[in-house]
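In this text, all values refer to a predicted model and were calculated from it rather than measured experimentally.
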Amino acid sequence: MDWQSLWLSIKLAAISVLILIPLAVIIARPLAYERFPGKSWLEALIMVPLVLPPTVIGYYLLVSLGSDSFIGQLLQQYFDVQLVFHFSGLVLASVLVNIPFAVQPIQRSFEAIPQEVRDASACCGMGRLKQLFRVELPLAWPGILTALVLCFSHVLGEFGVVLMMGGSIAGETKTISIAIYDNVQAFDFSAAGNMSLLLLLFAISTLALTTALSRRMERHR
């Protein structure tokens with residue numbers, strides 16, 4: 001077991017989730033309750049990572065944020081920030097790839113809240129922010145928890161965009177999925193098998209948990 005790569009993957013997943021969940025709440029709430037021009041296009045844009053290969057997203061990030069790109073040079077010159085082949089770049093890539101896994105469950109959970117409940121809270125004088133924290137978020141917790149579990153598990157096993165954006169730098173960008181790939185390349189099938197089994201067991205547990213949460217959401221509709 002490559003413990004360093006495992007710890008790096010857990011760290012990447014945890015940081016990505018901490019960014020994704022608040023961001024998904026901000027995006028999902030207006031998508032659930034409001035009508036505005038371009039809503040369908042915005043929803044389609046959010047869902048693009050579900051159908052686009054992660055390597056394609058990684059390629060565009062590599063080209064647009066690399067040291068030879070305009071954005072990459074600006075970040076390097078004014079902020080001394082390098083995203084490509086750096087852990088911070090993996091965080092950015094993971095957030096972009098996993099946005100649909102965060103937004104969709106939370107949006108569906110918001111949509112499941114009865115309009116009468118929201119109307120009653122508005123009649124009690126609650127503003128939109130207070131209504132969000134006192135009424136909507138407590139009722140939407142199954143969707144939020146589902147998003148958290150899905151995003152964490154997906155980031156933990158992310159491969160394509162990580163390889164394109166970060167390569168395989170030990171302690172910096174070499175996650176457990178990259179370690180599995182490297183071990184297979186080195187014909188160390190025992191180590192690759194151990195790490196693959198860990199991810200498989202985690203994936204099964206994650207799917208069982210999200211299925212249970214989905215059924216709970218259905219019972220509350």
Side-chain angles (χ1 to χ4, degrees), residues 1-24 46-62 65 83-106 108 142-214:
M1 179 64 66
D2 189 337
W3 295 107
Q4 185 182 53
S5 296
L6 177 60
W7 164 245
L8 188 68
S9 296
I10 294 173
K11 178 182 174 182
L12 175 63
I15 294 174
S16 298
V17 165
L18 287 175
I19 297 172
L20 275 166
I21 298 303
L23 179 63
I46 291 171
M47 295 301 125
V48 162
L50 291 177
V51 295
L52 200 64
T55 50
V56 175
I57 299 175
Y59 167 77
Y60 283 116
L61 287 174
L62 185 64
L65 299 176
L83 295 177
V84 176
F85 304 117
H86 193 271
F87 180 79
S88 57
L90 297 190
V91 173
L92 174 62
S94 297
V95 168
L96 291 178
V97 169
N98 287 276
I99 281 180
F101 296 98
V103 171
Q104 202 167 38
I106 296 176
R108 297 294 173 262
I144 296 172
L145 187 56
T146 299
L148 189 153
V149 173
L150 281 176
C151 291
F152 188 92
S153 58
H154 196 260
V155 174
L156 194 66
E158 187 61 65
F159 176 76
V161 72
V162 170
L163 184 63
M164 294 292 289
M165 191 69 176
S168 179
I169 304 173
E172 185 68 31
T173 63
K174 186 178 180 182
T175 60
I176 190 169
S177 58
I178 302 298
I180 292 172
Y181 176 78
D182 288 346
N183 280 311
V184 171
Q185 292 289 93
F187 297 100
D188 189 353
F189 293 102
S190 176
N194 289 335
M195 288 183 281
S196 297
L197 179 61
L198 177 65
L199 289 181
L200 175 62
L201 293 175
F202 185 81
I204 293 173
S205 302
T206 299
L207 290 172
L209 179 59
T210 53
T211 300
L213 289 174
S214 297

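Remark: Phe87 CZ to Leu8 CG distance equals 5.5 Å, nearest 0.5 Å. To the nearest 0.5 Å, atoms OG (Ser16) and CG (Leu23) are separated by 11.5 Å. Taken to the nearest 0.5 Å, the CG atom of Leu83 stands 6.0 Å off from the CG atom of Leu92. Here OG of Ser94 is found 10.5 Å from CD1 of Ile57. Values are rounded to the nearest 0.5 Å. Separating the CD1 atom in Ile15 from the CG atom in Leu90 is a distance of 10.5 Å, to the nearest 0.5 Å. For the atom pair CZ of Phe85 and CE of Met165, the computed distance is 9.0 Å after rounding to the nearest 0.5 Å.
When each of Leu198, Leu12, Ile10, Thr175 is checked for a side chain to side chain contact (heavy atoms under 4.5 Å, CB included) with Leu156, only Ile10 meets the rule. Here the options are Val84, Val97, Leu96, the test is side chain to side chain contact (heavy atoms under 4.5 Å, CB included), and the partner is Leu61; only Leu96 passes. In summary, of the residues considered (Val91, Asn98, Leu150, Val162), a side chain to side chain contact (heavy atoms under 4.5 Å, CB included) with Val155 occurs for Asn98 alone.
Minimum heavy-atom separation, Ala147 to Ala102: CB-O, 3.5 Å. When every heavy atom of Ile178 is checked against every heavy atom of Gly167, the shortest pair comes out as CG2-O, 4.1 Å. When all heavy atoms are compared, the tightest approach of Ser177 to Gly157 is CB-O, 3.9 Å. Between Ala192 and Val184, the closest heavy-atom pair is CB-CG2, 3.8 Å. Among all heavy-atom pairs drawn from Pro54 and Glu158, the shortest one is CB-OE2, 3.7 Å.
Residues Thr55 and Phe159 are not in side-chain contact: their nearest non-hydrogen atoms beyond the backbone lie 4.5 Å or more apart.
No hydrogens or angles considered: a donor-acceptor pair under 3.5 Å links the side chains of Asp182 and Ser168.
When the shell of 6.0 Å around OH of Tyr59 is examined, it contains 12 or fewer heavy atoms from other residues, nucleotides or ligands. Environment of OH in Tyr60: sparse, with no more than 12 heavy atoms of neighbouring residues, nucleotides or ligands closer than 6.0 Å. No more than 12 heavy atoms of other residues, nucleotides or ligands shown are found within 6.0 angstrom of OH on Tyr181.
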**Item:** Criterion side chain to side chain contact (heavy atoms under 4.5 Å, CB included) on Asn183 and Met195, from CA distance to verdict
**Value:** CA-CA 10 Å; Asn183 280 311; Met195 288 183 281; 2.8 Å; yes
**Request:** Could you give me the CA-CA distance, side-chain angles and deciding distance for Phe152 and Val149, then say whether side chain to side chain contact (heavy atoms under 4.5 Å, CB included) is met?
**Result:** CA-CA 5 Å; Phe152 188 92; Val149 173; 6.0 Å; no
**Message:** Applying side chain to side chain contact (heavy atoms under 4.5 Å, CB included) to Met47 and Gln104, what does each step give before you reach the verdict?
**Reply:** CA-CA 9 Å; Met47 295 301 125; Gln104 202 167 38; 3.9 Å; yes
**Message:** Pair Ser196, Leu200 - check side chain to side chain contact (heavy atoms under 4.5 Å, CB included), show working.
**Reply:** CA-CA 6 Å; Ser196 297; Leu200 175 62; over 6 Å; no
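Formation of a donor-acceptor pair under 3.5 Å by the Ser153 side chain with backbone atoms of Ala203 is not found in this model. Within the 3.5 Å criterion, the main-chain N or O of Ile176 finds no donor-acceptor partner in the side chain of Ser5.
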